[in-house]
Amino acid sequence: MSYQDYKHIIPIQIRFCDIDKLDHVNNSVYHNYVELGRVSYWKDVLKDKVNWAERGFILGRTEIDHIIPVHLNDEIYCCTKAIKFGTKSIRFKNSIVKKVNGEFIECAAIIGILVAMDYVHNISIPVPELWRELMEAYER
């Protein structure tokens, strides 16, 4: 999947504290970048249709393929896409890409499985139909 396959792309600011002793973004920081992408995605796609104090998602699984390093002065973006809908979960694909000479190069490929939750009762729930419809319509 290339960055052109994504509708939702946000710029990411690399902070000095993101850089490790090897002079690149530390592997653990990619989780923060992806979380920023997902939250922005939900804000844009689900808008005000979710009471986040009562219901939302938790991260059930994540896997990251680190392809090339990201450095402090790189111009990077997080791409987010809902790719598979289950009964209680949604599989998301993210890419961290950097712009080099006008071209986008993938630095990391991330898969996350987000489980729909009732935060009040602390139980997983089926993905609400409205949320599913909004995300499926956005991804068409």
Side-chain angles (χ1 to χ4, degrees):
M1 183 177 288
S2 76
Y3 85 96
Q4 292 109 333
D5 296 323
Y6 293 89
K7 290 183 179 179
H8 198 272
I9 302 173
I10 63 165
I12 298 292
Q13 177 185 2
I14 302 170
R15 304 164 303 170
F16 184 75
C17 66
D18 295 346
I19 305 302
D20 65 17
K21 187 123 172 109
L22 297 175
D23 198 33
H24 58 68
V25 170
N26 186 274
N27 294 347
S28 65
V29 175
Y30 287 81
H31 290 284
N32 298 110
Y33 295 166
V34 170
E35 183 178 53
L36 289 169
R38 282 194 307 261
V39 169
S40 177
Y41 177 94
W42 290 325
K43 191 175 182 181
D44 292 346
V45 176
L46 300 179
K47 301 185 186 327
D48 62 351
K49 306 298 186 222
V50 179
N51 178 346
W52 293 101
E54 295 179 4
R55 297 193 306 177
F57 294 99
I58 61 165
L59 182 63
R61 177 178 167 76
T62 187
E63 56 186 73
I64 301 177
D65 293 325
H66 297 277
I67 301 165
I68 60 171
V70 173
H71 299 94
L72 181 61
N73 293 316
D74 287 341
E75 179 182 344
I76 66 168
Y77 300 84
C78 181
C79 310
T80 304
K81 184 175 185 65
I83 59 171
K84 184 177 180 185
F85 294 87
T87 302
K88 291 186 171 187
S89 66
I90 302 173
R91 181 181 299 257
F92 279 86
K93 169 83 169 122
N94 291 88
S95 289
I96 303 298
V97 298
K98 68 178 166 181
K99 195 171 186 180
V100 178
N101 299 323
E103 298 289 323
F104 288 94
I105 300 169
E106 187 172 43
C107 302
I110 302 96
I111 294 291
I113 298 176
L114 284 292
V115 179
M117 285 292 292
D118 176 329
Y119 298 144
V120 175
H121 298 99
N122 197 29
I123 58 171
S124 64
I125 59 172
V127 176
E129 195 59 35
L130 177 60
W131 301 2
R132 179 188 308 271
E133 288 170 3
L134 289 169
M135 285 186 267
E136 286 178 338
Y138 179 81
E139 296 298 351
R140 280 190 209 121

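These numbers were taken from a predicted model, which means no experiment stands behind them. What's counted below: heavy atoms across the whole structure, side chains too, no hydrogens, waters or symmetry copies.
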Which residue pairs pass the ring-ring contact (aromatic ring centres under 6.0 Å, His included) test when at least one of the two sits in residues 67-87, sequence neighbours left out?
Tyr77-Phe104
For Glu136, give me all partners under salt bridge (Lys or Arg N to Asp or Glu O under 4.0 Å), at least two apart in sequence or on another chain.
none
May I have the list of side-chain donor-acceptor pairs in residues 108-121 shorter than 3.5 Å, sequence neighbours left out?
{"from": "Asp118", "atom 1": "OD1", "to": "Val120", "atom 2": "N", "distance (Å)": "2.9"}
{"from": "Asp118", "atom 1": "OD1", "to": "His121", "atom 2": "N", "distance (Å)": "2.9"}
{"from": "Asp118", "atom 1": "OD1", "to": "His121", "atom 2": "ND1", "distance (Å)": "3.4"}
{"from": "Asp118", "atom 1": "OD2", "to": "His121", "atom 2": "ND1", "distance (Å)": "2.9"}
{"from": "Tyr119", "atom 1": "OH", "to": "Phe57", "atom 2": "N", "distance (Å)": "2.8"}
{"from": "Tyr119", "atom 1": "OH", "to": "Phe57", "atom 2": "O", "distance (Å)": "2.8"}

Can you list everything that forms a side chain to side chain donor-acceptor pair (under 3.5 Å) with Asn73? Sequence neighbours excluded, please.
none
Where Val97 and Glu106 come nearest, the two heavy atoms and their spacing:
CG1-CA, 3.9 Å
Regarding Glu139 and Lys7, does a basic nitrogen lie under 4.0 Å from an acidic carboxylate oxygen?
no
For Lys49, check side-chain contact (heavy atoms from CB on, under 4.5 Å) against everything at least two apart and list the hits.
Leu130, Leu134
Please list all pairs passing the salt bridge (charged side-chain N to carboxylate O under 4.0 Å, His left out) test where one or both residues lie in residues 19-33, with sequence neighbours left out.
none
Only distances under 3.5 Å count here; give the side-chain donor-acceptor pairs of residues 28-38 to other protein atoms, sequence neighbours excluded, each with its distance to 0.1 Å.
{"from": "Ser28", "atom 1": "OG", "to": "Asn26", "atom 2": "OD1", "distance (Å)": "2.8"}
{"from": "Tyr33", "atom 1": "OH", "to": "Asp18", "atom 2": "OD2", "distance (Å)": "2.6"}

Mind checking side chain to side chain donor-acceptor pair (under 3.5 Å) for Asn27 and listing every partner two or more places apart, or none if nothing turns up?
none
Using the test ring-ring contact (aromatic ring centres under 6.0 Å, His included), find all partners of His8 that sit at least two apart in sequence or belong to another chain.
Tyr41
List the residues meeting side chain to side chain donor-acceptor pair (under 3.5 Å) with Ser124, not counting sequence neighbours, and say none if there are none.
Lys88
Which pairs, with at least one residue in residues 58-70 and sequence neighbours excluded, count as a salt bridge (charged side-chain N to carboxylate O under 4.0 Å, His left out)?
Arg61-Glu63
